[in-house]
Amino acid sequence: IAGNFNLTNVNQLFDNLVDLGQHPKERADTVTVMEKIGHFLDDSVSKIYKNLRHEGYTKAEASPLIAERLKLSKILRKAAKNWDGGYAIAGLLGHGDSFVIRDPVGIRPVYYYSDDELVVVASERPAIQTVFNIPYEKIEELDPGHALITKKTGSTLVKEILEPKEKKACSFERIYFSRGGDSEIYQERKNLGKALFPLVQKSIQGDLENTVFSFIPNTAEPSFYGMIGAVQDHVRNLLKEELDKTKKPDVSVLKKMLNLKPRIEKIAIKDAKLRTFITEDSDRDDLVAHVYDITYGVVHPSDNLVIIDDSIVRGTTLQKSILRMLDRLGPKKIIVVSSAPQIRYPDCYGIDMAKLDDFIAFRAALALHEDIGNKKNIIQQVYNNCLKSVEKESETPPNYVKAIYDPFNDEEISKKIAEILKLDNISAEVEVIFQTINGLHKACPKNLGDWYFTGDYPTPGGCRVANKAFINFVEKINKRAY
């Protein structure tokens with residue numbers, strides 16, 4: 001097997017295998033998936049062979065007939081019955097049958113193309129388009145809960161394996177991880193940037209003349225184009241309003257408006273060989289100081305500097321590298337814009353954002369509790385609730401971590417994040433603007449999985465992982481909660 005997946009209930013599945021008489025060598029989701037499918041495959045082969053023997057076939061005659069009669073969909077249905085998590089798993093059997101199965105919520109993406117000569121499956125559409133030169137329209141998305149099965153003979157079919165649930169495909173795939181060359185993803189990222197302009201306009205108080213727009217390379221670039229498109233639309237609307245006035249338009253005002261355009265500059269320059277998001281924690285602090293350089297001479301002391309990033313997770317790169325360098329340019333205000341909402345909760349379905357205290361939004365919320373003198377009480381209260389949920393082993397416990405954020409609105413947390421990021425040696429005013437949940441859903445209407453931001457997990461295991469992550473935070477256990 002090979003896959004893009006993570007299961008949240010490996011311990012339960014491990015125990016199930018032991019009860020079935022299996023002896024899995026370790027508690028890992030890859031091993032568990034292999035063993036689970038292997039068990040039901042063995043069971044199916046044994047039953048088919050038993051029937052063939054009763055029909056009078058010899059062992060040698062039975063082998064090709066077993067391959068022919070094997071119902072892979074039935075094996076997968078039994079094996080995947082209790083899997084909790086996000087998965088796109090491909091498997092190949094020794095005799096030549098193969099399959100790709102997608103989780104019933106559609107958390108992880110799966111695209112495929114099939115014709116008389118080939119079947120190709122990938123987690124990203126552009127990979128298929130580029131390698132096989134296949135048009136966008138001919139590539140299909142595998143539905144949640146379904147499997148694409150290819151028999152040894154070459155015949156291909158799509159079968160429902162698990163009943164599909166409300167689709168909650170991962171939105172962070174669209175914001176950050178997936179290739180921006182996908183036509184849908186490119187437009188979604190532009191829409192994310194466009195949705196942020198009203199908040200930016202409010203922050204700069206409409207002063208476009210003294211505002212420089214830029215982006216943090218490279219995944220934020222499409223969002224930047226979307227934001228600039230919104231600025232251009234805004235300028236056109238201002239000009240149209242002036243022209244539509246019943247009285248004669250003021251020529252001096254019109255001339256000023258015709259000269260008004262967004263000031264676009266390449267401010268941050270990134271070493272393409274280095275990626276901070278996927279770097280080991282122990283190496284990040286040293287790395288981030290050397291990833292970026294800046295362009296001098298284009299920002300003036302009277303300017304606002306608006307710089308957009310795809311997301312702000314830990315805030316380490318911003319705090320230890322980017323803000324320091326941007327401040328050297330001497331702007332009066334630095335406005336950091338995130339195309340994603342505040343990342344508040346751990347992921348447990350495949351993207352490695354697993355520890356609560358890594359998130360700057362979590363640290364900001366705790367700092368706000370400290371400001372009102374409630375930090376110790378709220379931590380103890382949430383910790384006690386999380387412990388009870390683990391002890392009860394309830395199938396779908398509430399996400400008790402939400403209580404950390406409930407007393408504060410998004411603006412309060414954003415303001416506190418800006419305070420944390422702004423070190424004493426930074427002269428410029430610093431503001432941080434995040435995407436809204438509503439803006440995210442409008443920009444990515446087919447990918448409504450927003451558990452990172454809202455804590456609304458699409459499977460029971462998600463809430464259990466969030467609560468366990470909080471227990472780990474309190475008990476200072478520096479490991480994943482799954």
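The structure presented is a predicted model; accordingly, all values stated were derived computationally and were not measured.
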Anything under 3.5 Å between a donor and an acceptor, one on a side chain of residues 118-128, the other on a protein residue two or more places apart or in another chain? List them.
unit_1: Glu124; atom_1: OE1; unit_2: Arg179; atom_2: NE; d: 3.3
unit_1: Glu124; atom_1: OE2; unit_2: Arg179; atom_2: N; d: 2.4
unit_1: Arg125; atom_1: NE; unit_2: Asp182; atom_2: OD2; d: 3.0
unit_1: Arg125; atom_1: NH2; unit_2: Asp182; atom_2: OD1; d: 3.4
unit_1: Arg125; atom_1: NH2; unit_2: Asp182; atom_2: OD2; d: 3.4
unit_1: Arg125; atom_1: NH2; unit_2: Glu184; atom_2: OE1; d: 3.3

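- For the atom pair CG of Leu192 and OG of Ser223, the computed distance is 5.0 Å after rounding to the nearest 0.5 Å.
- At distances below 3.5 Å, not a single donor-acceptor pair connects side-chain atoms of His54 with backbone N or O atoms of Leu52.
- Under the 4.5 Å side-chain criterion, counting only non-hydrogen atoms from C-beta, Ile433 is not in contact with Val306.
- Applying the side chain to side chain donor-acceptor pair (under 3.5 Å) criterion to Lys194, with sequence neighbours excluded, gives no partner residue.
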| task | Take Leu318 and Val432 through the test side-chain contact (heavy atoms from CB on, under 4.5 Å) and record every step on the way to the result. | result | CA-CA 11 Å; Leu318 269 175; Val432 182; 5.9 Å; no
| request: Start with the C-alpha distance between Asn472 and Lys479, add both sets of side-chain angles, then the distance that settles side-chain hydrogen bond (donor to acceptor under 3.5 Å, both in side chains), and finish with yes or no. | output: CA-CA 7 Å; Asn472 288 351; Lys479 67 177 186 180; over 6 Å; no
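- More than 12 non-hydrogen atoms from other residues, nucleotides or ligands lie less than 6.0 angstrom from CG of Asp406.
- With sequence neighbours left out, the side chain to side chain donor-acceptor pair (under 3.5 Å) criterion links Lys159 to no other residue.
- The shortest side-chain heavy-atom distance between Arg464 and Asn9 falls under the 4.5 Å cut-off.
- In terms of the ring-ring contact (aromatic ring centres under 6.0 Å, His included) criterion, Phe40 has no residue partners (sequence neighbours excluded).
- Residues Lys266 and Phe215 meet the side-chain proximity criterion, which asks for heavy atoms closer than 4.5 Å.
- Considering only heavy atoms from C-beta on, Leu260 stays 4.5 Å or farther from Leu239 through its side chain.
- Take Asp410 and apply the salt bridge (charged side-chain N to carboxylate O under 4.0 Å, His left out) test, not counting sequence neighbours, and it matches Arg344.
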| task | Output, in order, the C-alpha distance, side-chain angles, deciding distance and verdict of side-chain contact (heavy atoms from CB on, under 4.5 Å) for Leu448 and Lys167. | result | CA-CA 7 Å; Leu448 300 176; Lys167 190 178 178 185; over 6 Å; no
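- For Leu162, the side chain to side chain contact (heavy atoms under 4.5 Å, CB included) partners two or more places apart in sequence, or in a different chain, are Ala80, Tyr87, Pro104.
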| request: I would like to know whether Glu265 and Thr295 meet side-chain contact (heavy atoms from CB on, under 4.5 Å); could you show each step before the answer? | output: CA-CA 9 Å; Glu265 303 291 353; Thr295 303; over 6 Å; no
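- For Ser98 against Leu72, the heavy-atom pair with the smallest separation is O-CD2, 3.8 Å.
- Under the 4.5 Å side-chain criterion, counting only non-hydrogen atoms from C-beta, Asn399 is in contact with Asn467.
- Counting only residues at least two apart or on different chains, no side-chain hydrogen bond (donor to acceptor under 3.5 Å, both in side chains) pair has a member in residues 71-83.
- When all heavy atoms of Gly462 and Cys348 are compared, the closest pair comes out as CA-SG, 3.7 Å.
- Smallest separation of non-hydrogen atoms from Lys36 and Ala79: CG-O, 3.3 Å.
- In this structure, the ring of Phe453 has its center no less than 6.0 angstrom from the ring center of Phe434.
- With a 4.5 Å cut-off on side-chain heavy atoms, Ile175 and Gln435 do not count as touching.
- Between Asp456 atom CG and Ile437 atom CD1 the span is 9.0 Å, to the nearest 0.5 Å.
- Between the CD1 atom of Ile360 and the OG atom of Ser414 there is a distance of 10.5 Å, given to the nearest 0.5 Å.
- Asp84 is linked by a side chain to side chain donor-acceptor pair (under 3.5 Å) to Thr8, Thr459, counting only residues two or more places apart in sequence or in another chain.
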| query | For Phe470 and Asn385, what are the C-alpha separation, side-chain angles and deciding distance, and is it a side-chain contact (heavy atoms from CB on, under 4.5 Å)? | reply | CA-CA 10 Å; Phe470 192 85; Asn385 286 333; over 6 Å; no
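- Judged as a side chain to side chain contact (heavy atoms under 4.5 Å, CB included), and not counting sequence neighbours, the contacts of Ala147 are Leu76, Ile101, Ile149, Ile161.
- When all heavy atoms of Asp97 and Leu92 are compared, the closest pair comes out as O-CD1, 3.5 Å.
- Proximity of a side-chain donor or acceptor of Ser203 to a complementary backbone N or O of Val200 within less than 3.5 Å is not detected.
- Residue pairs satisfying the salt bridge (Lys or Arg N to Asp or Glu O under 4.0 Å) criterion with at least one member in residues 106-117, sequence neighbours excluded, are listed as follows: Arg108-Glu173.
- If you run side chain to side chain contact (heavy atoms under 4.5 Å, CB included) between Val45 and each of Asp43, Asp42, Leu41, only Leu41 comes through.
- For Tyr345 and Tyr405, the distance between ring centers is under 6.0 angstrom.
- Rounding to the nearest 0.5 Å gives a distance of 10.5 Å between CG of Leu199 and CD of Gln201.
- Among all heavy-atom pairs drawn from Val401 and Ala466, the shortest one is CG2-O, 3.4 Å.
- Rounding to the nearest 0.5 angstrom, the gap separating the OG1 atom in Thr317 from the CG atom in Asp309 is 8.0 Å.
- To the nearest 0.5 angstrom, Tyr452 atom OH is 4.0 Å from Asp347 atom CG.
- Remark: the backbone N or O of Ala220 is not paired with any side-chain donor or acceptor of Arg189 at under 3.5 angstrom.
- Cys170 has its side chain out of reach of Phe177: every pair of non-hydrogen atoms, C-beta onward, lies at least 4.5 Å apart.
- With Tyr349 as the fixed residue, the ring pair (Phe, Tyr, Trp, His ring centres under 6.0 Å) test singles out one of Phe172, Phe5, Trp451: Trp451.
- The two residues Thr454 and Lys402 have their closest heavy-atom pair at O-CE, 3.3 Å.
- Pairs engaging residues 53-64 under the salt bridge (Lys or Arg N to Asp or Glu O under 4.0 Å) rule: Glu55-Arg69 [sequence neighbours left out].
- Proximity of Thr156 to Leu148: side-chain heavy atoms (C-beta onward) are separated by under 4.5 Å at one or more points.
- With sequence neighbours excluded, the residues that form a side chain to side chain donor-acceptor pair (under 3.5 Å) with Glu221 are Tyr225.
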